[in-house]
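Notes follow the structure.
Residue numbers start from 1 in every chain, and the chains themselves are labelled A, B, ... in the order their sequence lines are given, proteins ahead of strands.
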There are 2 protein chains.
Amino acid sequence: MTAIKESSTIQQNKKTALELCPVTFTMEKIGGYWKPIIIYHLSTESKRYSELKKAIPAITEKVLIQHLKQLEADGLLIREAKTVVPPFVTYQLSESGKKLLPVIHAMATWAFEHQEKHINVASE
Amino acid sequence: MTAIKESSTIQQNKKTALELCPVTFTMEKIGGYWKPIIIYHLSTESKRYSELKKAIPAITEKVLIQHLKQLEADGLLIREAKTVVPPFVTYQLSESGKKLLPVIHAMATWAFEHQEKHINVASE
DNA sequence: ATTAATACATACTTTAGGGTAAGTACTTGT
DNA sequence: ACAAGTACTTACCCTAAAGTATGTATTAAT
């Protein structure tokens, strides 16, 4: 999808980090500014490609599809396509994807707590 | 520290994502291949700069210091410097940093579960 | 014949982050 | 006089990820 130079130092280090560090592994899966947002929109119900597009207007189609393919390849979500014209494609969270929800929720909770603190400190 | 072009679309989108999405906010704080590893090394005890360097040989000094400064600025860790020569500087997790540990642990747990599944699928 | 609708694909550009390499300040020991 | 140790700093380069813009396939409706 995206050309990658296996030999680059950055790739070597990434690989090392992925092997050493399960946290990095998880962040790889949900990293990228839009992935958590996509997951959020799929957290309650499956959605069509075009629905996602409408729900997240700022994302470009290239990046949306790229993330969807990656999330699918990583086993976080399931793509279902009806062979009709015009196409009808839906995306939904897989079991693995659903298991990620509490993790994501914990991250969000920490964010709110931490943000509050920072605001308090800043306004002293 | 690193020059940033506020006007770029990527920065605009990042800002949007940060405002919309607390998960992105959290990932910002612990993103970068080395940050979770640094946090891990500080999870049990405070460490000197040089100890961190030895503990994570693959990281360059520039990136190490850069991440440490960022983590400090984000309120995740506390720097203490004794005014002696040669310098003696230690880093330890702040309260916010410590509160992140269970979150990080949840991410790691998910990684192990998810990795296993993928291995099983791959070896069928 | 052309337009509309959907779900992509692809060539090209920009940029933020990470990597390389080298230098700095300050004092103690030789 | 200078080397050693510690904790940085800075100038420059490279790459992966994100953005821009445009194109494609298929069929039904007009």
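- At distances below 3.5 Å, not a single donor-acceptor pair connects side-chain atoms of A/H114 with backbone N or O atoms of B/F25.
- For A/E45, the salt bridge (charged side-chain N to carboxylate O under 4.0 Å, His left out) test picks out A/K47, with sequence neighbours left out.
- Straight-line distance from the NE2 atom of B/H67 to the C1' atom of C/dG18: 8 Å, rounded to whole Å.
- With sequence neighbours left out, B/E95 forms a salt bridge (charged side-chain N to carboxylate O under 4.0 Å, His left out) with B/K98.
- Looking at residues 27-45 of chain A, you'll see A/G32, A/Y33, A/W34 sit with a heavy atom under 4.0 Å from some atom of DNA chain D.
- Regarding B/I4, its CD1 atom lies at a distance of 18 Å from the P atom of D/dA17, rounded to whole Å.
- Considering only side-chain N and O atoms, A/S8 lies under 4.0 angstrom from the phosphate OP1 or OP2 of D/dA16.
- Between the side chain of A/T26 and the main chain of A/P22, a donor-acceptor pair closer than 3.5 Å is present.
- Listed by chain and residue number, B/V103 satisfy the side-chain contact (heavy atoms from CB on, under 4.5 Å) test with A/A106 (two or more places apart in sequence, or in another chain).
- At least one side-chain nitrogen or oxygen of B/N13 sits closer than 4.0 Å to the OP1 or OP2 atom of D/dG19.
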Once base and sugar-phosphate atoms are separated, protein heavy atoms under 4.0 Å mark nucleotides 20-27 of chain D, 5' to 3', with B, S and - as B-----BS

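- Direction of the helix axis in the helix from C/dA1-D/dT30 to C/dT30-D/dA1 shifts by 30° between the two five-pair termini, rounded to 10°.
- Rounded to an integer number of Å, the gap from B/Q11 CD to C/dA16 C1' is 8 Å.
- Every pair tested for salt bridge (Lys or Arg N to Asp or Glu O under 4.0 Å) that includes a residue from residues 84-94 of chain A fails, sequence neighbours excluded, so the list is empty.
- The side-chain contact (heavy atoms from CB on, under 4.5 Å) check on B/T9 picks up B/N13, with sequence neighbours excluded.
- The residue A/K82 sits apart from the nucleic acid: no heavy atom pair falls under 4.0 Å.
- Between the side chain of B/W110 and the main chain of A/S96, a donor-acceptor pair closer than 3.5 Å is present.
- Applying the 4.0 Å criterion to OP1 and OP2 of C/dA7, one finds that A/R48 has a side-chain N or O inside that range.
- The NZ atom of A/K5 sits 9 Å away from the P atom of D/dC14 (whole-angstrom rounding).
- Distances were taken from every side-chain heavy atom of B/K69 (C-beta onward) to each of C/dG18, C/dA16, D/dT9; the shortest belongs to D/dT9.
- Applying the side-chain contact (heavy atoms from CB on, under 4.5 Å) test to B/H105 and every residue at least two apart in sequence or in another chain returns B/T109.
- Annotation: side-chain contact (heavy atoms from CB on, under 4.5 Å) contacts of A/K82 (sequence neighbours excluded): A/V84, A/F88.
- In this structure, B/L64 places its CG atom 16 Å from C1' of C/dG17, rounding to the nearest Å.
- Side-chain proximity of A/V89 to the nucleotides C/dT15, D/dA7, C/dC8 is greatest for C/dC8.
- Taking the salt bridge (charged side-chain N to carboxylate O under 4.0 Å, His left out) definition, one finds that B/K14 meets it with B/E28, sequence neighbours left out.
- Between D/dC8, D/dG19, C/dA7, one nucleotide has an atom nearer to the side chain of B/R79 than all others, and that is D/dC8.
- Remark: C1' of D/dT6 and CD of B/E51 are 12 Å apart, rounded to the nearest angstrom.
- Look at A/Y49 and you won't find any side-chain N or O under 4.0 angstrom from OP1 or OP2 of C/dA9.
- Atom-to-atom, NZ of B/K14 to C1' of C/dA16 comes out at 7 Å; the value is rounded to the nearest Å.
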For residues 50-65 of chain A, which side-chain N or O atoms pair as donor and acceptor with protein atoms under 3.5 Å away, sequence neighbours left out?
| residue | atom | partner | partner atom | Å |
| --- | --- | --- | --- | --- |
| A/E51 | OE1 | A/R48 | N | 2.7 |
| A/T60 | OG1 | A/V63 | N | 3.4 |
| A/E61 | OE1 | A/Y49 | OH | 2.8 |

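- Distance B/I65 CD1 to C/dG18 C1': 16 Å, rounded to the nearest Å.
- Heavy-atom nearest nucleotides on DNA chain D were determined for A/I59 and for B/K53, and the one closer to the 5' end corresponds to B/K53.
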